Engineer: 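Sharing a structure here in structure tokens format.
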Amino acid sequence: MTVKQLCEACGFVPAFPLPDPDKEVSCGFCGDLLSWAMGRAGEGCAWCTVMGSVNAVAVASLADAAVLVLCHDAALMADAAARAQQQGINILLTGLPEFEAAVCIAKQLGL
Amino acid sequence: MADAQDKILLEYQVPGDDFTRAGEASADLKARLKTLGFPAASVRKAAISLYEGEINLAIHAGGGKIRVELTPARIEMWLDDEGPGIPDIALAMSEGYSTAPDEVRSLGFGAGMGLPNMKKYTDEFEIASEVGRGTHIRMAVDIGPA
């Protein structure tokens with residue numbers, strides 16, 4: 001499933017036009033501690049978090065996450081949005097809690 | 001990187017306490033490795049381990065210096081600082097142990113996974129530290145199949 005398909009299926013909203021909409025989502029990860037995500041988020045994952053900082057974008061990029069799903073209507077910082085667009089990181093927004101966003105992602109991935 | 005004699009040296013200076021810039025070295029390294037055609041799995045390991053090192057330099061050491069040596073066989077990285085040093089390396093290497101201040105934790109850091117991640121994602125990891133003098137780390141990622 002691509003990031004674009006996941007976005008539409010779960011009702012997520014792109015924070016900006018998706019720079020890599022056809023990137024494949026292979027798994028999911030939930031968590032807000034950056035080193036925890038860095039060490040455990042799988043390659044190609046949809047990472048559900050409330051961390052909308054430039055550091056979260058760096059972790060998503062370096063860990064090769066397919067998409068960062070910013071939950072609970074958490075704020076995406078302006079510098080983070082700029083960095084994500086510069087580095088081609090997909091970011092989706094949702095008011096759903098991380099658990100509910102993850103449930104939707106899991107269903108779409110057939111997990 | 002087709003010739004076994006090929007060697008590329010990179011150097012980065014990491015500023016202290018600037019968490020918006022921490023990650024620039026690892027992002028640059030990742031981009032270079034991808035351009036040079038290193039296998040994706042090796043690129044990911046090197047980028048993750050170097051990012052953790054950068055964050056540690058920014059949080060704990062007041063900044064520091066990173067050197068990277070690239071050859072077709074491996075990615076070798078040295079991180080050197082003149083920070084406060086680590087009194088108990090074995091304790092610092094245990095998952096979940098952190099001395100990061102609260103303001104750093106509020107940014108999502110300080111989970112006590114930095115050094116463990118660096119060891120986990122590298123094929124060789126060495127650390128030496130002296131209280132009041134600084135910390136020196138050497139990490140290497142062997143290049144696996146593409």
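As the structure is a prediction and not an experimental result, all values here were calculated from the model. No hydrogens, no waters, no symmetry mates; every other heavy atom, side chains included, goes into these values. Below, chains carry the letters A, B, ... as their sequence lines are ordered, and counting in each starts from 1.
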Engineer: Taking atom NZ of B:Lys120 as the centre, does the number of heavy atoms from other residues, nucleotides or ligands within less than 6.0 Å exceed 12?
Structural biologist: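 Correct, the count exceeds 12.
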Engineer: Disulfide bond (SG atoms under 2.5 Å apart): which pairs involve residues 25-125 of chain B, sequence neighbours left out?
Structural biologist: none
Engineer: Can you check whether anything in residues 45-60 of chain B gets within less than 4.5 Å of chain A, heavy-atom wise, and list it by number?
Structural biologist: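 Listed by number, the contacting residues are B:Ala47, B:Ile48, B:Tyr51, B:Glu52.
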Engineer: Please rank B:Gly110, B:Gly112, B:Ser26, B:Pro116 by heavy-atom pairs under 4.5 Å with chain A and give me the top one.
Structural biologist: B:Ser26
Engineer: With chain A as the partner, which of B:Lys30, B:Arg105, B:Glu95 has the greatest number of non-hydrogen pairs under 4.5 Å?
Structural biologist: B:Lys30
Engineer: B:Ile127: which residues meet the side chain to side chain contact (heavy atoms under 4.5 Å, CB included) condition with it, sequence neighbours left out?
Structural biologist: B:Ile86, B:Ile89, B:Leu115, B:Phe125, B:Thr135, B:Ile137
Engineer: Quick one: do B:Leu33 and B:Val141 end up in the same hydrophobic cluster if we chain Ile, Leu, Val, Met, Phe, Trp and Tyr together by side-chain heavy atoms under 4.5 Å apart?
Structural biologist: yes
Engineer: Can you see which heavy atom on B:Leu107 is nearest to which on A:Leu34, and at what distance?
Structural biologist: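 For B:Leu107 versus A:Leu34, the nearest heavy atoms are O-CD1, 3.7 Å.
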Engineer: Does A:Leu93 share a hydrophobic cluster with A:Leu96, counting links as ILVMFWY side-chain heavy atoms below 4.5 Å and allowing steps through other members?
Structural biologist: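 No; tracing contacts between hydrophobic side chains, which count when under 4.5 Å, never links both residues.
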Engineer: Taking all non-hydrogen atoms of both residues, which atom of A:Asn55 and which atom of B:Ala22 are closest, and how far apart?
Structural biologist: ND2-O, 4.4 Å
Engineer: Could you report the tightest heavy-atom contact between B:Tyr121 and A:Arg40, atom names first, then the distance?
Structural biologist: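 Taking every non-hydrogen atom into account, OH-N, 4.5 Å.
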Engineer: Indicate the atoms forming the closest heavy-atom contact of A:Ser35 with B:Gly114, along with that distance.
Structural biologist: OG-N, 4.2 Å
Engineer: Heavy-atom distances under 4.5 Å only: say whether B:Ser98 touches chain A with side chain, backbone, both or neither.
Structural biologist: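 Contact with chain A is absent: no heavy atom of B:Ser98 under 4.5 Å.
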Engineer: Does atom CZ (A:Phe16) have a neighbourhood of more than 12 heavy atoms from anything else shown, all under 6.0 Å?
Structural biologist: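 Enclosed.
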Engineer: With a cut-off of 6.0 Å (strictly less than), are more than 12 heavy atoms of other residues, nucleotides or ligands near CZ of B:Arg133?
Structural biologist: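 Count not over threshold, so no.
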Engineer: Check whether any side-chain N or O of B:Arg44 sits under 3.5 Å from a backbone N or O of A:Leu62 as a donor-acceptor pair, and report yes or no.
Structural biologist: no
Engineer: Indicate, with yes or no, if A:Leu109 and A:Leu18 share a hydrophobic cluster defined by side-chain heavy-atom contacts under 4.5 Å among Ile, Leu, Val, Met, Phe, Trp and Tyr.
Structural biologist: yes
Engineer: Measure distances from A:Met51 to the heavy atoms of chain B and classify the residue's part below 4.5 Å as side chain, backbone, both or neither.
Structural biologist: side chain
Engineer: Should A:Val50 and A:Ile105 be regarded as members of a common hydrophobic cluster, given that ILVMFWY residues are connected when their side-chain heavy atoms come within less than 4.5 Å of each other, either directly or indirectly?
Structural biologist: no
Engineer: Considering heavy atoms only, which positions within residues 70-92 of chain A lie below 4.5 Å of chain B?
Structural biologist: A:Asp79, A:Arg83, A:Gln87
Engineer: Following the transitive rule for hydrophobic clusters with a side-chain heavy-atom cut-off under 4.5 Å over Ile, Leu, Val, Met, Phe, Trp and Tyr, establish whether A:Val67 and A:Phe29 coincide in one cluster.
Structural biologist: no
